[in-house]
There are 4 protein chains.
Amino acid sequence: MTAPPPTPEPAPESAPESAPKSAPKSAQPAARPRRTGGRVRNADAHTAILDATAELLEEVGYASLTMEGIATRADVAKSTIYRWWKSKGVLAMDAYAHVVAARMPEPDTGSLRGDLVGFVRELYRVGKYPLRVRTLQGLMAEAQLDASFAPLFQEWTGQRRAVVRAMFARAVARGELAATTDIDHAVDVIFGVFWYRLLLGHEHLKPSEAEVHVDRLLDGIRGAEGRG
Amino acid sequence: MTAPPPTPEPAPESAPESAPKSAPKSAQPAARPRRTGGRVRNADAHTAILDATAELLEEVGYASLTMEGIATRADVAKSTIYRWWKSKGVLAMDAYAHVVAARMPEPDTGSLRGDLVGFVRELYRVGKYPLRVRTLQGLMAEAQLDASFAPLFQEWTGQRRAVVRAMFARAVARGELAATTDIDHAVDVIFGVFWYRLLLGHEHLKPSEAEVHVDRLLDGIRGAEGRG
Amino acid sequence: MTAPPPTPEPAPESAPESAPKSAPKSAQPAARPRRTGGRVRNADAHTAILDATAELLEEVGYASLTMEGIATRADVAKSTIYRWWKSKGVLAMDAYAHVVAARMPEPDTGSLRGDLVGFVRELYRVGKYPLRVRTLQGLMAEAQLDASFAPLFQEWTGQRRAVVRAMFARAVARGELAATTDIDHAVDVIFGVFWYRLLLGHEHLKPSEAEVHVDRLLDGIRGAEGRG
Amino acid sequence: MTAPPPTPEPAPESAPESAPKSAPKSAQPAARPRRTGGRVRNADAHTAILDATAELLEEVGYASLTMEGIATRADVAKSTIYRWWKSKGVLAMDAYAHVVAARMPEPDTGSLRGDLVGFVRELYRVGKYPLRVRTLQGLMAEAQLDASFAPLFQEWTGQRRAVVRAMFARAVARGELAATTDIDHAVDVIFGVFWYRLLLGHEHLKPSEAEVHVDRLLDGIRGAEGRG
DNA sequence: ATCTAACCGAGACGGTACGTCAAGTCTTCGG
DNA sequence: CCGAAGACTTGACGTACCGTCTCGGTTAGAT
């Protein structure tokens, strides 16, 4: 969904790509980048791959996921996979996004506390879905080991960070928070605790903890403000 | 250092073996760790392996570290490595411990804030050593992918957690903190932020940030108490 | 039985084992070949090894026989085996000889035909014992692959050849056969057919065939004489 | 040459591929040996493997032949070897067949004696080529130790047996031999002596002995008939 | 109506590393 | 001081996937 090539949004590439061209040659083609012919992409193969990936992710876990296995399961040639996804990590991330079609919530309750609690509660709910937990663990691992995957993963996490940052920004705009607040650190605390528990697995994440965690974070921020 | 077999403690066998001599008949033969013969372990090979691992860790990074490469570099048979370390993760962890011989500090300054700031400042200093950063990233990744390595890694991180927990426990004993404080969560915040940044790499860890981070955490805890 | 070290002749070592006990320090150097001290050989270990070998030979066959397996089964150190038998082949041959304690018959019926038929019939009977068949196959294979074992094996087969040669020699002495008879070739025919069938396994050896085979061989020899 | 996959017959693909062009619609697509895709087979790698095997067979002998060594020498990945030959034995047999491209002779001189002498003389000539001797020994050994190789080897020897059987069959057809002759046993005698000497190595095979051996065999057969 | 480029399936290729097995050697200890 | 124990190192094994490649064959838009 995020990466340009994988999930083919109908239009997504035409707009950005026509602008720069400005008026390369003259004409029309505005909409179409470059494509004079050729067989059209087989959507079946595409979804079969994503489905197979999701299934295998569930059955064997990320660590045992192999391109070969996906190809076999999807009844597709290995090269067809590589044509569209350059690595296991990218593919897994894409498949994960498909499964978790319900996107991150972006609550806007009017108060920072309300927003954060809503978000964190939802965040902690993944703990109830072993498949998702294992996939997230695997993606994080992949990002450590595959340098070419890291930026993609970072971009993905960045999007999630952005959601939370926006909450804080709104709070500042509302005057709830001082403009000097170190938002970055606050976001790090929220996601840091989440990932740390997810990766270590020493303690399961429970949505019920969300409220306390948020309160403690906000107390920390306000305490700082109070002291100046 | 943690696992019994890998790094052979010098003493463990000599002591039990001399005791029975002095009391041949009577006492406990149980103590003797049965050893009637056999070739003695080759310490050279052992250290050669650890050295090679550390070197390669530095040169190629954790992701490209291979048992085969280590064996070649150490001029040792692969199975000799497997005899003592059951996996790449365990070996890397052992080698890391050797390199970072200077252990985690356990400051006891008399105040919680002093202890935490000392510890966190030291913690954040690893950001200055790319080798260590990459190794820690790799170990965390390994723990996600290799189920048999996970508990070992968890044990290791548990030891580090214990150090911080002790600081909080002392603070509670001193009356600095309420007995109801959720220490676990506090520890999660400290390590969570640390690992999150380390793994995502979106922002470098700077020792200078330690003080602010600790203050915010303590404010959060005290705020809770004040209300609570 | 053939090689000097393996199967200890009863006499030479048993005596020293009881004598020294009665006169610990002083006595009898004369009789003893050369032995100034040292631990005495453990006969139990010795027979345990042979037994284990025979058992495993039966259970898993020669191809899957390993020194390691034998050591485990006999509850003996591997090096103890190597001390007395330099290779798997030698050991297997020794164990085989123990099992097939009933030695090759050396019939002396008064006529060449009688002698040969008796011998060949007995020879072909191994076909009824899969264990022996597989062991003989394995020994032959070993002789091809292990240059140091070949001479030993050749010596062993040489002993069996000698038995048959003797029959022919007696026949010549009796005047049954011309002195010019190519005995070597005749022996090769007997054992050649036996081994060829044993190794290829295309047809099972049956004792009932012995008579015909011998007759054909003798006809061949006499035909040559008649012409020649 | 025997097994379908290993040595790819040159013709099957080139011919059918040009022919259809000339007769686009009409003719037989049946001839085409199903090829729906896949990278084309690299003939160079294939012959390089066979060559390397033959060389190593000569240099180090069958016993010391290793797949790893072959791969290195042929400058080919080990898996490429295993893709086509499932074991060392099969590969060695194939390489042997390549080297001894001159196939077994199938003399048809008009008389049984002439046929046999011609064949046996040629058979005994391998004694002059140590490489071939050692290879044959190794193959026989392998057949004993590797159950999956045995049938292949048996098939190969079966082909050679068939050649000799045909000679006897012709003789029977000509009336040279009684129809009751035990051809199987006669063939066993010929090959039995050959292999027995080859494997034991107690006496070298000399082509000059062929004539005598054949005569003795035929005398044996005719003697039986005479009495018969 | 053809051309033509992109697609897909198949599967061989060279490669790297894996983890295991059994071999045979070396050192220590005990009788 | 020899024999037993057993820890040691080693080489090769066969396998699994990797990512690339080279085909044969399809399919649809552009000409």
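FYI, side chains are in, hydrogens and waters are out, and symmetry mates aren't considered; it's all heavy atoms of this structure.
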Whole angstrom is fine here: how far is it from [atom1] in [X] over to [atom2] in [N]?
{"X": "C:L65", "N": "E:dC21", "atom1": "CG", "atom2": "C1'", "value": "15 Å"}
{"X": "D:F149", "N": "F:dG14", "atom1": "CZ", "atom2": "P", "value": "14 Å"}
{"X": "D:L91", "N": "F:dA12", "atom1": "CG", "atom2": "P", "value": "16 Å"}
{"X": "B:I70", "N": "F:dT10", "atom1": "CD1", "atom2": "P", "value": "15 Å"}
{"X": "D:L145", "N": "E:dA22", "atom1": "CG", "atom2": "P", "value": "14 Å"}
{"X": "A:E68", "N": "F:dA16", "atom1": "CD", "atom2": "C1'", "value": "8 Å"}
{"X": "D:Y82", "N": "E:dG14", "atom1": "OH", "atom2": "P", "value": "16 Å"}
{"X": "C:W85", "N": "E:dG24", "atom1": "CH2", "atom2": "C1'", "value": "17 Å"}

| query | Heavy atoms, side chains only, cut-off 4.5 Å: are C:T66 and C:V60 in contact? | reply |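 No, too far: nothing below the 4.5 Å cut-off.
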
| query | So which nucleotide from F:dT9, F:dC13, F:dT20 ends up closest to the side chain of B:T80? | reply |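 For B:T80, the side-chain atoms sit closest to F:dT9.
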
| query | What nucleotide among E:dA22, E:dA10, F:dC13 has an atom nearest to a side-chain atom of A:A77? | reply |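 In terms of side-chain proximity for A:A77, the closest of E:dA22, E:dA10, F:dC13 is E:dA10.
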
| field | Listed partners of B:A74 passing side chain to side chain contact (heavy atoms under 4.5 Å, CB included), at least two apart | value |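 If we apply the side chain to side chain contact (heavy atoms under 4.5 Å, CB included) test to B:A74, skipping adjacent residues, the hits are B:A48, B:I49, B:A52, B:V76.
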
| With C:A150 via side chain to side chain contact (heavy atoms under 4.5 Å, CB included) - residues at least two apart |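 For C:A150 there are no side chain to side chain contact (heavy atoms under 4.5 Å, CB included) partners, ignoring immediate neighbours.
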
| Hey, does the side chain of C:W84 come within less than 4.0 Å of F:dA4's phosphate (OP1/OP2), counting only N and O? |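 For F:dA4, OP1 or OP2 has a side-chain N or O of C:W84 closer than 4.0 Å.
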
| said: With a 4.0 Å cutoff (strictly under), does any side-chain N or O of B:R83 reach OP1 or OP2 of F:dA7? | reply: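 No, outside the criterion.
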
| Looking at F:dG14, does its base get a donor-acceptor pair with the side chain of D:K78 below 3.5 Å? |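 Answer yes: a donor N or O sits under 3.5 Å from an acceptor.
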
| message | At less than 3.5 Å, do the side-chain atoms of B:S79 and the base atoms of E:dT20 form a donor-acceptor pair? | response |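 Per atom types, no contact qualifies.
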
| field | By side-chain hydrogen bond (donor to acceptor under 3.5 Å, both in side chains) - contacts of C:K78 (at least two apart) | value |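 Expected list: C:E68.
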
| message | Which residues pass the side-chain hydrogen bond (donor to acceptor under 3.5 Å, both in side chains) test with D:E142, not counting sequence neighbours? | response |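 Partners of D:E142 by the side-chain hydrogen bond (donor to acceptor under 3.5 Å, both in side chains) criterion, ordered by chain and then number, come out as D:Y62.
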
| field | Of D:D75 and A:V76, the one whose closest DNA chain E nucleotide lies more 5' | value |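 The 5'-side residue here is A:V76.
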
| query | Contact class for C:K88 vs. all strands (heavy atom < 4.0 Å): base, sugar-phosphate, or nothing? | reply |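 No contact.
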
| task | Indicate, with a heavy-atom threshold strictly under 4.0 Å, whether A:T66 touches base, sugar-phosphate, or nothing. | result |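 Answer is sugar-phosphate: A:T66 comes under 4.0 Å of backbone atoms only.
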
| message | Report for the helix from E:dA1-F:dT31 to E:dG31-F:dC1: angle between first-end and last-end helix axes, five pairs each, rounded to 10 degrees. | response |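 Answer rounded to 10°: the end axes differ by 0°.
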
| query | What residues, two or more places apart in sequence or in another chain, satisfy salt bridge (charged side-chain N to carboxylate O under 4.0 Å, His left out) together with D:R83? | reply |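 Salt bridge (charged side-chain N to carboxylate O under 4.0 Å, His left out) check on D:R83 returns nothing, list empty.
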
| Relative to the ring of D:W84, is the ring of D:H46 parallel (under 30°), tilted (30 to 60°) or perpendicular (over 60°)? |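 Perpendicular: the ring planes of D:H46 and D:W84 meet at over 60°.
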
